[in-house]
Undergrad: 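Below is a structure I'd like to ask you about.
Side chains are part of it too, since the values below use all heavy atoms of this structure and drop only hydrogens, waters and symmetry mates.
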Amino acid sequence: MLPYLSSFFGSLLLVFAALMPILNPPGHAPIFLVLTEGYTKDERIILAKRVGVYSFILLVFSMFIGIYVLEFFGVSLPIVRVGGGLLVATAGWQLMSADTHAPNAVSTLDGNRPSSEELRQRAFFPLTFPITVGPGSITVAITLGASFKSSGIETFTMPIASVIAVAITSYSVYWCYRYADKLLKWVGATGSVIFLRLSAFILFCLGIQIFWTGATDLMGAFVELHWPR
């Protein structure tokens with residue numbers, strides 16, 4: 001029994017430690033505020049809840065069948081990093097250069113509020129993908145999922161521990177997004193704007209880093225193919 005518990009908690013901590021720094025819910029909370037400017041408190045709570053659920057589904061999907069989907073379409077992980085890195089960098093650049101009080105606000109002058117379908121769509125794109133669960137976290141999830149093929153005790157403990165770790169991480173996303181306004185309230189209006197811009201810049205740099213990692217892998221494969229050692 002003890003070896004199973006040790007393997008279970010070890011796997012849980014491994015998955016949590018691998019995903020949490022990349023998802024970084026506290027760091028993405030300011031971006032969530034920018035993209036939901038003009039929404040009511042109740043609408044933000046709904047969005048935060050759906051982003052948490054969508055994040056869980058997307059990460060679990062990537063873990064269990066992501067590698068098979070990539071193999072079916074003949075797409076490699078470096079390609080995912082290159083394309084996804086460009087997508088994340090573009091999102092970060094748009095957030096840095098946008099007017100925080102204009103482009104993403106919801107018009108309330110006519111009294112119309114976003115429908116449930118509109119909230120659902122916005123919760124997935126761009127709030128869940130690529131802002132919260134980007135190519136970096138998807139790549140990590142796919143890599144962790146590859147270890148499910150291992151033999152021994154981890155064959156049983158790793159999948160269960162991974163699902164629980166993803167659930168904990170996704171709940172932290174929901175919590176940070178739901179209380180994002182309170183998390184930033186103490187810094188004031190000016191501090192919030194500075195923090196928002198800084199978070200957008202970090203998102204932009206993260207996209208560049210993901211792109212560069214994928215491009216480096218592709219260049220290494222190209223060199224190895226044409227000039228093998």
Side-chain angles (χ1 to χ4, degrees), residues 8 11-70 80 84 87-88 91-92 95 104-106 113-145 148 157-184 196 199-200 203 206-207 210:
F8 172 81
S11 300
L12 190 149
L13 290 176
L14 171 64
V15 176
F16 181 81
L19 290 176
M20 196 64 178
I22 299 179
L23 288 176
N24 189 19
H28 285 140
I31 298 176
F32 176 80
L33 283 180
V34 170
L35 295 178
T36 58
E37 184 177 3
Y39 286 84
T40 65
K41 181 179 179 180
D42 290 338
E43 289 168 348
R44 278 181 171 170
I45 292 176
I46 293 174
L47 285 170
K49 185 181 298 184
R50 286 179 175 170
V51 169
V53 172
Y54 291 158
S55 297
F56 174 80
I57 294 174
L58 191 54
L59 288 173
V60 170
F61 176 87
S62 300
M63 275 187 177
F64 283 88
I65 63 176
I67 190 67
Y68 302 106
V69 172
L70 293 182
V80 174
L87 185 62
V88 172
L95 287 171
N104 299 299
V106 178
R113 302 305 307 171
S115 65
S116 177
E117 180 63 25
E118 290 172 339
L119 287 175
R120 187 179 298 108
Q121 292 176 357
R122 189 165 181 79
F124 183 78
F125 181 86
L127 292 176
T128 300
F129 181 84
I131 300 299
T132 304
V133 181
S137 52
I138 289 177
T139 302
V140 170
I142 293 175
T143 304
L144 291 170
F148 294 169
T157 60
M158 186 68 175
I160 299 175
S162 298
V163 172
I164 295 176
V166 171
I168 295 173
T169 306
S170 300
Y171 180 80
S172 69
V173 170
Y174 158 72
W175 190 90
C176 289
Y177 284 8
R178 175 170 181 171
Y179 299 104
D181 53 342
K182 295 182 179 180
L183 292 175
L184 296 179
L196 292 171
S199 298
L203 185 67
L206 180 62
I210 295 171

Undergrad: With a 6.0 Å cut-off on the ring centroids, do Y179 and W175 count as close?
TA: yes
Undergrad: With a 3.5 Å distance limit and no angle check, can you tell me whether T128 reaches the backbone of S55 through a side-chain donor-acceptor pair?
TA: no
Undergrad: Please find the pair of heavy atoms, one from A141 and one from M63, that lie closest to each other, and give the distance.
TA: O-CG, 3.3 Å
Undergrad: Counting distance only, does the side-chain N/O of S62 pair as donor-acceptor with the main-chain N or O of I142 below 3.5 Å?
TA: no
Undergrad: For V15 and L144, which heavy atoms make the closest approach, and how far apart are they?
TA: CG1-CD1, 4.0 Å
Undergrad: Would you say that N24 contacts L206 through its side chain, given a criterion of any heavy-atom pair below 4.5 Å between the two side chains?
TA: no
Undergrad: Is any side-chain heavy atom of M20 closer than 4.5 Å to a side-chain heavy atom of P25?
TA: yes
Undergrad: Compare all side-chain heavy atoms of F56 with those of V163 and state whether any distance is below 4.5 angstrom.
TA: yes
Undergrad: Looking only at heavy atoms, what is the nearest atom pair of L127 and T132, with distance?
TA: O-OG1, 2.6 Å
Undergrad: Among Y174, Y177, Y39, find the residue that satisfies the ring pair (Phe, Tyr, Trp, His ring centres under 6.0 Å) test when tested with F32.
TA: Y177
Undergrad: Flag the pair P114 / R122 as yes when at least one side-chain heavy-atom distance between them is below 4.5 Å, and no otherwise.
TA: no
Undergrad: Would you call D181 and K41 a side-chain contact if the rule is heavy atoms closer than 4.5 Å?
TA: no
Undergrad: State, with a plain yes or no, whether a side-chain heavy atom of P130 is found less than 4.5 Å away from one of F125.
TA: yes
Undergrad: Nearest heavy-atom pair of P126 and L35: which atoms, and what distance?
TA: CG-CD1, 4.2 Å
Undergrad: Keeping S137 on the side-chain end and G134 on the backbone end, is there a donor-acceptor pair under 3.5 Å?
TA: yes
